[in-house]
Number of protein chains: 2
Amino acid sequence: MTKYEKQIYEIVNKLTGHLTADQIFSELKKSYPSVSLATVYNNLNKLCEAGLIRRVSMEGSPDRYDRSAKHDHLVCRRCGKLTDICFEDLTASLKQQLGEDFLAYDLKVYYICPECRRKTQAASI
Amino acid sequence: MTKYEKQIYEIVNKLTGHLTADQIFSELKKSYPSVSLATVYNNLNKLCEAGLIRRVSMEGSPDRYDRSAKHDHLVCRRCGKLTDICFEDLTASLKQQLGEDFLAYDLKVYYICPECRRKTQAASI
DNA sequence: TAATAAATTTAGAATTATTCTAAAAGGTGT
DNA sequence: ACACCTTTTAGAATAATTCTAAATTTATTA
C-alpha cells in the first residue's frame with residue numbers, strides 16, 4: 001500500500017460520511033497540500049477494485065466512497081442525504097433464489113428525510 | 001402528456017432493454033428526426049418525477065431508464081450488463097425493520113455474467 | 001377568431017465528474 | 001550508481017447532463 005492509498009483508505013474509514021472524491025481530496029490536502037486530484041481518483045479506483053472500500057453511486061451527484069463493511073443505505077429523494085441502515089442479511093436467500101453465486105449486493109431505500117419533510121410542511125402553510 | 005412524453009414513455013416500456021438517454025434519443029429520431037436530446041432529458045426527468053418510469057444509475061456508465069414495475073437487477077461487474085430478476089418483495093419487512101415509511105427501494109446484485117466468465121477462462125489458458 | 005399567456009422544444013453553450021496522457025518523481029534491487 | 005517499475009502530477013480530453021434564451025406549440029380567454 002502506498003502512502004496515499006493508505007491515507008485515502010483511512011479517510012474513508014474514519015470519516016464515515018460517504019465522501020465524494022473531491023471531499024476526500026480536500027481532506028487529504030490538509031496533510032499533503034501538493035497531492036493531486038488524479039491521485040485521489042487513481043487510489044479510490046484501486047481500493048475499490050481490491051474491495052477495500054466501496055463505491056456508492058448516486059443519482060444526480062458524484063459517487064461517494066464508503067467503508068466496505070456490509071450495510072445498507074437510506075437515501076433522501078429530495079436532498080440526497082445518505083444514512084446507514086442495517087437491514088437483515090439477504091445473502092443466503094438471494095443465493096438460493098438466484099441459484100447462482102454473486103459478488104455483492106446493494107440495497108438502497110428511498111424516502112424523504114425528516115428535515116425535508118419539515119421544510120415542505122413549513123413551505124405549504 | 002405531451003407528444004414526446006408519451007413517445008418516450010412507450011419506448012422505455014416497449015424496449016425493456018434499460019436504455020440510456022442517448023439510445024432513447026436515437027430510437028425517437030427514427031420517427032421524429034428533428035427531436036433534440038434536451039427534450040429527451042427533459043421528458044425523462046418529468047417521467048421519473050411522476051414515477052412513471054424509473055432511473056437506474058450505474059457505476060461508470062450513463063443512467064438507464066426502465067419501466068417502473070417493481071423488479072430487481074443483476075449487474076455484471078465486468079461488462080455492466082443488466083438483467084432483470086424478481087427477488088422476493090421486501091416492502092413489508094423493510095417497513096417493519098425501519099419503523100418508517102419509504103417511497104421505494106432498489107436492489108442490485110453484482111456478479112460476473114456467464115459470457116465474461118467464459119472470456120476470462122479462455123484468456124487464462 | 002384573434003390575442004395573450006403558458007408550456008414545450010430547440011440548439012448550443014456551460015458545467016462537472018471522471019479518465020487519459022505524458023512527463024516527472026520515487027523507490028527497489030543489483 | 002544504474003536500470004527498472006510504480007506512483008504521482010498537471011493539465012488536457014471526454015462525456016453525461018443541465019442550463020439558457022430564443023423559437024415554437026398549445027391552451028386560454030376576450
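Labels below follow one simple rule: chain letters A, B, ... track the order of the sequence lines, proteins then strands, and each chain is numbered from 1.
Residue pairs meeting the salt bridge (Lys or Arg N to Asp or Glu O under 4.0 Å) criterion with at least one partner in residues 87-97 of chain A, sequence neighbours excluded, are A:Lys95-A:Asp101. Here ring pair (Phe, Tyr, Trp, His ring centres under 6.0 Å) pairs that include residues 85-110 of chain B, with residues two or more places apart or in two chains, number zero. Contacts classified as salt bridge (Lys or Arg N to Asp or Glu O under 4.0 Å) and involving residues 28-45 of chain B (residues at least two apart or in different chains) are given here: B:Glu27-B:Lys30. Residues in residues 42-54 of chain B take part in these salt bridge (Lys or Arg N to Asp or Glu O under 4.0 Å) pairs, two or more places apart or across chains: B:Glu5-B:Lys46, B:Arg54-B:Asp106. Residue pairs meeting the ring pair (Phe, Tyr, Trp, His ring centres under 6.0 Å) criterion with at least one member in residues 41-62 of chain A: none, sequence neighbours excluded.
Contact check of residues 23-41 of chain A against DNA chain D (heavy atom, cut-off under 4.0 Å) returns A:Ser34, A:Val35, A:Ser36, A:Ala38, A:Thr39. Contacts between residues 42-49 of chain A and DNA chain D, defined by a heavy-atom separation below 4.0 Å, involve A:Asn42, A:Asn43, A:Lys46, listed by number. Residues from residues 54-67 of chain A that place a heavy atom under 4.0 Å from any atom of DNA chain C, listed by number: A:Pro62, A:Asp63.
Rounded to whole Å, the distance from NZ on A:Lys6 to P on C:dG27 is 13 Å.
The environment of NZ in A:Lys6 is sparse: at most 12 heavy-atom neighbours from other residues, nucleotides or ligands sit within 6.0 Å. More than 12 heavy atoms of other residues, nucleotides or ligands lie within 6.0 Å of NZ in B:Lys81, so this atom counts as buried by the packing criterion.
Protein chain B contacts DNA chain D over a range whose 5' and 3' limits, counting nucleotides with an atom under 4.0 angstrom from a non-hydrogen atom, are D:dA16 to D:dC19.
Between the side chain of A:Arg67 and the backbone N or O of A:Asn13, no donor-acceptor pair lies under 3.5 Å.
Residues forming a salt bridge (Lys or Arg N to Asp or Glu O under 4.0 Å) with B:Lys3 (at least two apart in sequence, or on another chain): none. Scored by the ring pair (Phe, Tyr, Trp, His ring centres under 6.0 Å) test, A:Tyr4 finds A:Tyr32 as partners (sequence neighbours excluded). Taking the ring pair (Phe, Tyr, Trp, His ring centres under 6.0 Å) definition, one finds that A:His73 meets it with A:His18, A:His71, sequence neighbours left out.
Closest approach of B:Val12 and B:Asp66 over heavy atoms only: CG1-C, 3.5 Å.
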